Amino acid sequence: MLRFPAIFQSLGTSELPLSLSISRSNLRKSLPKLSECLVGLMNYTKLTAPSYKSLLSDHLKNQNLDQARRVFNEIPFPGVDLYTMMVIGYARMRRLDNALELFYEMPEKDAVSWNSMIKGCLDCGDLSKAKELFDGMPGKSVVSWTTIMNGFLQFGDVEMAERLFREMPVRDVAVWNSMIHGYFSNGRVEDAKKLFKVMHCKNVISWTSMIGGLDRIGRTDEALQFFREMMGSGVQPTLTTLVCVVTASAKLLRLDLGVQIHGQIVKLGYCFDEFVAASFITLYANCKQMENSYSVFNASLHKNVVVWTALLTGCGLNCQHEDALTIFRNMLKSGVLPNQSSFTSALNSCCGLEDLERGKEIQTSAVKLGFETDVFVGNSLIVLYTKCGSINDGVAIFKRIGDKNIVSWNSTIVGCAQHGCGMWALTLFNQMIRAGLEPDEITFTGLLSACSHSGMLQKARRFFEYFSQRKSVEVKLEHYACMVDVLARCGELEEAEELIKNMPVQANKTVWLTLLGACTMHCNFDVAERAAKRIEDLDPHCSAAYVLLSNLYASANRWSDVSRIREKMKQSRTVKQPGYSWVT
DNA sequence: GTAGGGTTAG
């Protein structure tokens, strides 16, 4: 029931059912009055339409869908705009059935309502319904074509998107920009670059799409090149462009560029929105300027979960783990709900502190919020548990992760290796290959380390051969160092020495120290002396080398050699570093 | 204040 203004009181009622069900006799009596009334009603709706609209909009903004629907139901003749608002509201709350029901109910539909409904289907994950509506839509606009094309790009069907792109009757700059962005999100970098090159109506969004897209796939240098080119061509960057550039600068530790942009933004009088704040916090943290990160954080107006997490992560990155955990607590206190990233960083800081107890507390909160099976949170938990001595718990977490990535597999393999569970590591590797994942440098290191800790020389040789043949993996110094370690631990000292001499990368002190350490285990004086000589060439003040060699002589009662080494050490003013240990 | 294009943290 609606309460109508005074004009309707002449009908004998101030309340009218919306269906206007009036008895026949009454109707005859009231006909002249009724016509007067209908004119009034029309005027009334016109007059009050904006207030309905703002009331509806308030409820929709506050996500009070059912409240909004009650208001909507009270509107005598809702216009296409109000219908559209409701349809969008339902779609945003993932209530696609309600949205569609209302959409079909609409007495008239314009391009906006059609396009909103198509977009709503896509947001709710129903591509085929979206396509069905698109096909049935009369008078498709360029927005309709863009929306459905974006849908196919979102769902990974690049070919269909390309077909739509070719077939659409009008292509404005937004369509081109969408296609460029879609190519990037589907890993088709070269196609994106090609399209950008041939497009004749580039605007700042086209440029920003290139900069952001290239940075996201790790071609950050190239992203900054595009930024330079854009500035050269006289296109003015927007705040979004600058956020992309700051993000890229943070990755490349280009503090100079970041600071320059910071100055520009301050000069232009932009306030630090959440995107700007988060990117600058990360830039300064990566460049080891936490004071500046804090300043940006304090200056930012809306501290959302991303801004808090950027600061928390920055602290962790700079080994300020206690501060990181304080920030995590303060974030909870201020009523911001942590997400996967916040938990990941908080857990990483627990790991940095080797504080399993606090890690478990945070894990409990993560479980309550349903993040335990998240791949990032899970990966952090694997490292935390394996580093803090609990390989079984680490493996249990690994098994629970829903969508394991390469980091999940690597962390578990490395954890097993560190715990001397060499066979587990090898089993995991086989499972990983069967699961269709491509092993990388870290997998390789983990496997060699597993072989080393479990004394599996033949297996290590096979892995070394396997990975040397794979083009996707670059064999680095650390891999040679691991292989030297396996050989040397197993007593193959000469072979280890040959490997160091013949490897294509320059050996460092650590590799030779590995060999020297193994020589003392196996009492091999010849190789030990040669290794010590190499270390001396690389670092004349390496106390570890002197100590190892001296211990080797001492173990064979060669006391004159021991005092010779001690004398040499004294002459070169080398002092043995004292050992430290700590207990929590 | 009702439709399509670029952005932040792990």
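What you see below is based on every heavy atom in this structure, not just the backbone, and it leaves out hydrogens, waters and symmetry mates. Just so we're clear, the structure is a prediction, and the values are computed from it rather than from any experiment. Throughout, protein chains are lettered first and strands after them, A, B, ... in sequence-line order, and every chain is numbered starting at 1.
- Look at CD1 on A/I401: it is 14 Å from C1' on B/dG10, rounded to the nearest Å.
- Distance from the side chain of A/S116 is smallest to B/dA3 among B/dA9, B/dT2, B/dA3.
- Among the nucleotides B/dT2, B/dG4, B/dG6, the one closest to the side chain of A/T146 is B/dG4.
- What separates CD1 of A/I88 from P of B/dA3 is a distance of 4 Å, to the nearest Å.
- Considering only side-chain atoms of A/T240, the nucleotide from B/dG10, B/dG1, B/dT7 that sits closest is B/dT7.
- Residue-level contact check: A/D215 touches neither bases nor backbone, having no heavy atom under 4.0 Å from any strand.
- A/V142 comes within 4.0 angstrom of a base, heavy atoms only.
- Under the 4.0 Å criterion applied to side-chain N and carboxylate O atoms, A/R70 and A/E74 are not assigned as salt-bridge partners.
- Listed nucleotides B/dA3, B/dT8, B/dT2 differ in distance to A/F275; the shortest reach to its side chain belongs to B/dT8.
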Quiz prompt | Candidate pair A/W308 and A/F328, rule ring-ring contact (aromatic ring centres under 6.0 Å, His included), full reasoning | solution = CA-CA 8 Å; A/W308 278 98; A/F328 186 68; 9.9 Å; no
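- A distance-only check finds a donor-acceptor pair linking the side chain of A/R171 to the backbone of A/F165 [under 3.5 Å].
- Look at CZ on A/F134: it is 12 Å from C1' on B/dG4, rounded to the nearest Å.
- In this pair, A/F72 and A/Y83 present their aromatic rings perpendicular. The plane angle is above 60°, beyond the 30 to 60° band.
- A/M106 has its CE atom 10 Å from the C1' atom of B/dT2, to the nearest Å.
- As a whole-Å value, the separation of A/L56 CG from B/dG1 P is 11 Å.
- Residue contacts for A/D110: at a heavy-atom cut-off of 4.0 Å it reaches no nucleic acid atom on any strand shown.
- In this entry the distance linking CG of A/N304 with C1' of B/dG10 reads 14 Å, nearest Å.
- Within 4.0 Å of A/V173, counting heavy atoms only, lies at least one base atom of the nucleic acid.
- Of the side-chain N and O atoms in A/R171, none sit less than 4.0 angstrom from OP1 or OP2 of B/dG4.
- B/dA9 atom P lies 15 Å from atom OH of A/Y284, rounded to whole Å.
- A donor N or O paired with an acceptor N or O is found under 3.5 Å between the base of B/dG5 and the side-chain atoms of A/N203.
- Put simply, CG on A/L195 is 13 Å from C1' on B/dG5, counting in whole angstrom units.
- Across all strands, A/T238 comes closer than 4.0 Å to base atoms (heavy-atom distances).
- A/S380 comes within 4.0 angstrom of no nucleic acid atom, judged by non-hydrogen atoms across all strands.
- The side chain of A/S54 lies closest to B/dG1, out of B/dG1, B/dG4, B/dG10.
- Nearest to the side-chain atoms of A/T208 among the listed nucleotides B/dG5, B/dG6, B/dG10 stands B/dG6.
- Across B/dT7, B/dT2, B/dG4, the shortest atom-to-atom separation from the side chain of A/V143 is found for B/dG4.
- Side-chain contact check for A/M210 versus A/E222: every heavy-atom pair is 4.5 Å or farther apart.
- For A/T247, counting side-chain heavy atoms from C-beta on, the closest listed nucleotide (B/dT2, B/dA3, B/dT8) is B/dT8.
- Closest approach to the A/I205 side chain among B/dT2, B/dA3, B/dG6 is made by B/dG6 (side chain taken as heavy atoms from C-beta onward).
- The residue A/S209 sits close only to the backbone: its heavy atoms come under 4.0 Å of sugar-phosphate atoms, none of a base.
- A/S206 and A/N203 share a donor-acceptor pair across their side chains, judged by distance under 3.5 Å alone.
- The residue A/R216 sits close only to the backbone: its heavy atoms come under 4.0 Å of sugar-phosphate atoms, none of a base.
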Exercise. Give the intermediate values and the outcome of side-chain contact (heavy atoms from CB on, under 4.5 Å) for residues A/V306 and A/E274.
Key: CA-CA 8 Å; A/V306 179; A/E274 63 203 58; over 6 Å; no
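- In this structure, A/D172 reaches the bases: a heavy-atom distance under 4.0 Å links it to at least one base atom across the strands shown.
- With B/dA9, B/dG1, B/dT8 as the choices, the nucleotide that has an atom nearest any side-chain atom of A/S57 turns out to be B/dG1.
- OP1 or OP2 of B/dG4 has not a single side-chain nitrogen or oxygen of A/H181 nearer than 4.0 Å.
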